[in-house]
Student: 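The structure is given below, and queries will be raised subsequently.
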2 protein chains.
Amino acid sequence: MDDVAAVAGVSRGTVSRVLNGGHNVSGPALEAVERAIRKTGYVVNQHARSLVTQRSDSVAFILSEPQDRLFEDPNFNNLLRGCTQILAEHDITLLLTVAGTSADRKRIGRWVTAGHVDGALVVSNHLGSPLLDELKGRGLPFVVCGRPLGHEREVSYVAADDRDGARQMVVHLRSRGYQRIGIITGPLDTSGGVDRLAGYRDVVGDVDPALIEAGDYSQASGEAAMERLLRAGPDLDAVFVCSDLMAAGAITYLQRIGKRVPDDIAIAGFDDSKVATTITPRLTTIRQPFGRVSQEMVRLLLAHIAGEQHAAVILPTELVIRESA
Amino acid sequence: MDDVAAVAGVSRGTVSRVLNGGHNVSGPALEAVERAIRKTGYVVNQHARSLVTQRSDSVAFILSEPQDRLFEDPNFNNLLRGCTQILAEHDITLLLTVAGTSADRKRIGRWVTAGHVDGALVVSNHLGSPLLDELKGRGLPFVVCGRPLGHEREVSYVAADDRDGARQMVVHLRSRGYQRIGIITGPLDTSGGVDRLAGYRDVVGDVDPALIEAGDYSQASGEAAMERLLRAGPDLDAVFVCSDLMAAGAITYLQRIGKRVPDDIAIAGFDDSKVATTITPRLTTIRQPFGRVSQEMVRLLLAHIAGEQHAAVILPTELVIRESA
DNA sequence: CTGAAAGCGCTTACAG
DNA sequence: CTGAAAGCGCTTACAG
């Protein structure tokens with residue numbers, strides 16, 4: 001920076017002003033500095049800048065799932081893409097960190113709170129994970145994707161209306177005449193797991209426990225859960241599967257044992273992710289508004305960084321009817 | 001830090017020494033400082049530290065591919081996992097950045113060279129991308145995954161022996177009696193694309209151009225290339241497909257039009273990724289040593305950061321025979 | 001083993 | 001509009 005100032009024939013203060021938008025700088029000075037920057041190939045030292053501004057202009061995208069999940073589940077991809085794009089418009093870099101093990105979560109908690117980032121987007125939070133407490137304790141602004149079980153009134157989050165989506169789906173299945181409707185839920189330590197099950201219960205009422213199985217959102221878990229479900233209740237005529245990926249697994253299993261979907265058993269999904277339209281039969285599912293979720297998460301986070309209080313945003317979900325149910 | 005020093009009753013210098021390994025610190029002082037750190041909940045400011053040490057203890061994993069590719073292609077997952085793990089052992093954080101568009105590449109080039117990271121792992125570099133020149137110009141240590149076309153003698157890289165792998169596969173196909181062997185290559189602006197094609201040519205010799213089609217490593221491109229290949233040369237009896245994912249696409253297409261694999265057409269893959277054993281028939285393929293690739297990339301990068309010159313590492317590939325060819 | 005002090009490379013009131 | 005100066009929070013010779 002001293003070099004640039006020397007070459008341009010101005011003070012370092014003026015160089016800094018040019019770097020930060022060029023306010024209060026005369027035309028000739030601005031031009032001289034810009035020329036000098038090009039000539040010297042100068043790049044600001046972000047650490048020095050951040051040390052005084054107390055800002056890093058980057059935020060973390062924390063995925064607290066084993067790394068494989070990130071790659072298997074297209075929802076994360078959707079969210080990541082949306083957030084990156086919107087943040088780029090604000091000239092903020094998004095750093096992806098995968099916290100699969102508890103050792104990872106610890107290292108990343110330290111890293112995040114050491115000032116490397118201005119805030120964090122927390123995706124896929126599980127009940128009992130210490131991450132939220134850690135972030136909260138450090139006073140780092142963050143927003144959670146999905147309802148943060150047990151922290152609803154103290155942290156920002158944006159969630160799709162999982163419960164209502166589940167209700168819509170089960171109502172739809174009923175309207176098609178299905179009587180014995182089973183469910184394959186997500187992990188019951190996540191909001192997507194409990195809320196969709198709650199919506200199902202809202203409609204079905206008193207549920208035969210044999211009709212409920214849990215998966216972990218992976219395709220393999222959908223296959224396994226379908227097998228268990230069928231063994232416990234062979235008279236099922238429909239299953240509400242709480243993610244499209246698990247639904248794909250369930251269909252794979254059914255086809256392998258020679259059952260037709262939806263003729264023998266109807267299968268409904270959740271997410272409206274890519275697999276919903278590539279699989280045969282195409283999935284009847286609940287559309288999650290991932291674009292809006294990303295958008296609202298970023299908006300809330302930036303507001304938070306700017307000093308605003310926390311808030312919750314609930315976005316509507318929508319029934320999409322195709323062939324599978 | 002002043003707080004910690006005050007609470008512990010020592011100078012900031014001593015606190016700093018404790019933070020950096022506790023050398024040259026007396027037992028009682030060390031203990032007092034550690035107690036004070038716990039009591040105050042102190043966390044170092046990384047920017048201040050980096051400003052003086054000129055190190056950030058983090059490195060970037062730069063994927064210069066559209067984001068979708070990251071999620072579709074399990075090879076990236078493998079590499080990422082390996083690198084993260086090995087770096088964690090050195091207490092270095094890995095930051096993933098996806099540079100899909102040229103605007104992204106520019107922003108990330110700036111970000112990376114602004115001192116945020118000590119070095120970079122560059123994955124999936126395409127011929128003509130300005131990224132390598134940018135990094136080189138800034139003097140940032142980095143190592144490339146795969147042969148960096150046109151930069152072989154000036155940058156560090158680690159690559160699997162693609163050419164030899166391709167040779168092994170084609171020799172195998174020949175030994176099985178296949179006569180008309182086609183190839184679906186990767187993108188011809190990447191080393192994986194050109195080197196595997198070169199290996200194929202090494203064995204086949206003078207090649208009928210109708211036997212060559214290019215894909216982009218995605219499953220969809222494998223399907224499309226298979227269709228073109230069959231139209232141009234209906235008498236094919238085997239195809240060497242330069243990635244397992246594309247091979248899966250090719251098989252999907254063949255099964256859809258009623259051809260049997262390997263009875264009507266044999267299909268060979270490359271990578272030995274997960275899909276190789278989940279698809280029916282299971283793939284005969286070339287195993288890439290991803291674990292060792294990650295390991296060597298990290299080793300080379302750390303050596304580079306420590307001041308060593310660049311180097312190239314070529315790792316052997318291995319034929320894995322299953323049912324598809 | 002320990003403290004006082006310089007310095008890392010910036011930004012930003014402040015005075016002009 | 002501009003420059004001189006203070007200060008951001010650390011680390012690390014240096015002297016003791």
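Naming: A, B, ... by sequence-line order, numbering from 1 per chain. For the numbers below, each heavy atom of this structure counts, side chains included, while hydrogens, waters and symmetry mates do not.
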Student: With side chains defined as the heavy atoms from C-beta onward, is the minimum distance between Glu152(A) and Leu149(A) less than 4.5 Å?
Tutor: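 Side-chain contact under 4.5 Å: yes.
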
Student: Any idea which of dG9(C), dG3(D), dC10(D) is nearest the Leu51(A) side chain?
Tutor: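 The answer is dG9(C).
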
Student: If only side-chain N and O atoms of Asn20(A) are considered, is one of them under 4.0 Å from the OP1 or OP2 phosphate oxygen of dT11(C)?
Tutor: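 Answer is yes, contact under 4.0 Å.
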
Student: Let's test this: given Watson-Crick or G-U wobble pairing with both distances under 3.5 Å, identify the partner of dA4(D).
Tutor: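 None - no nucleotide pairs with dA4(D), as no candidate has both distances under 3.5 Å.
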
Student: Please check the phosphate of dC1(C) (OP1 and OP2 only) for any side-chain N or O of Asn24(B) closer than 4.0 Å.
Tutor: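 Answer is yes, contact under 4.0 Å.
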
Student: Could you check Gly13(B) against Gln54(B) and say which one's nearest nucleotide on DNA chain C is further toward the 5' end?
Tutor: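 Upstream on the strand: Gly13(B).
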
Student: Kindly indicate whether the side chain of Phe142(B), heavy atoms from C-beta on, has any atom under 4.5 Å from the side chain of Val59(B).
Tutor: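 Side chain of Phe142(B) against side chain of Val59(B), heavy atoms only: no contact under 4.5 Å found.
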
Student: Does any nucleotide pair with dA13(C) by Watson-Crick or G-U wobble geometry, both distances under 3.5 Å, and what is it?
Tutor: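 Pair assignment: dA13(C) / none.
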
Student: Does OP1 or OP2 of dT12(C) have a side-chain N or O of Ser16(A) closer than 4.0 Å?
Tutor: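 Looking at the OP1 and OP2 atoms of dT12(C), neither is under 4.0 Å from any side-chain N or O of Ser16(A).
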
Student: So, is Ser26(A) near the phosphate of dT2(D), with a side-chain N or O under 4.0 Å from OP1 or OP2?
Tutor: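 Checking dT2(D) against Ser26(A), a side-chain N or O does come within under 4.0 Å of OP1 or OP2.
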
Student: Ser56(B) and Asp118(B): side-chain donor and acceptor closer than 3.5 Å?
Tutor: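 Yes, a side-chain donor-acceptor pair sits under 3.5 Å.
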
Student: With the side chain of Val52(B) defined as its heavy atoms from C-beta on, choose the nearest nucleotide among dT2(D), dC10(D), dT2(C).
Tutor: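 Minimum distance to the Val52(B) side chain belongs to dC10(D).
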
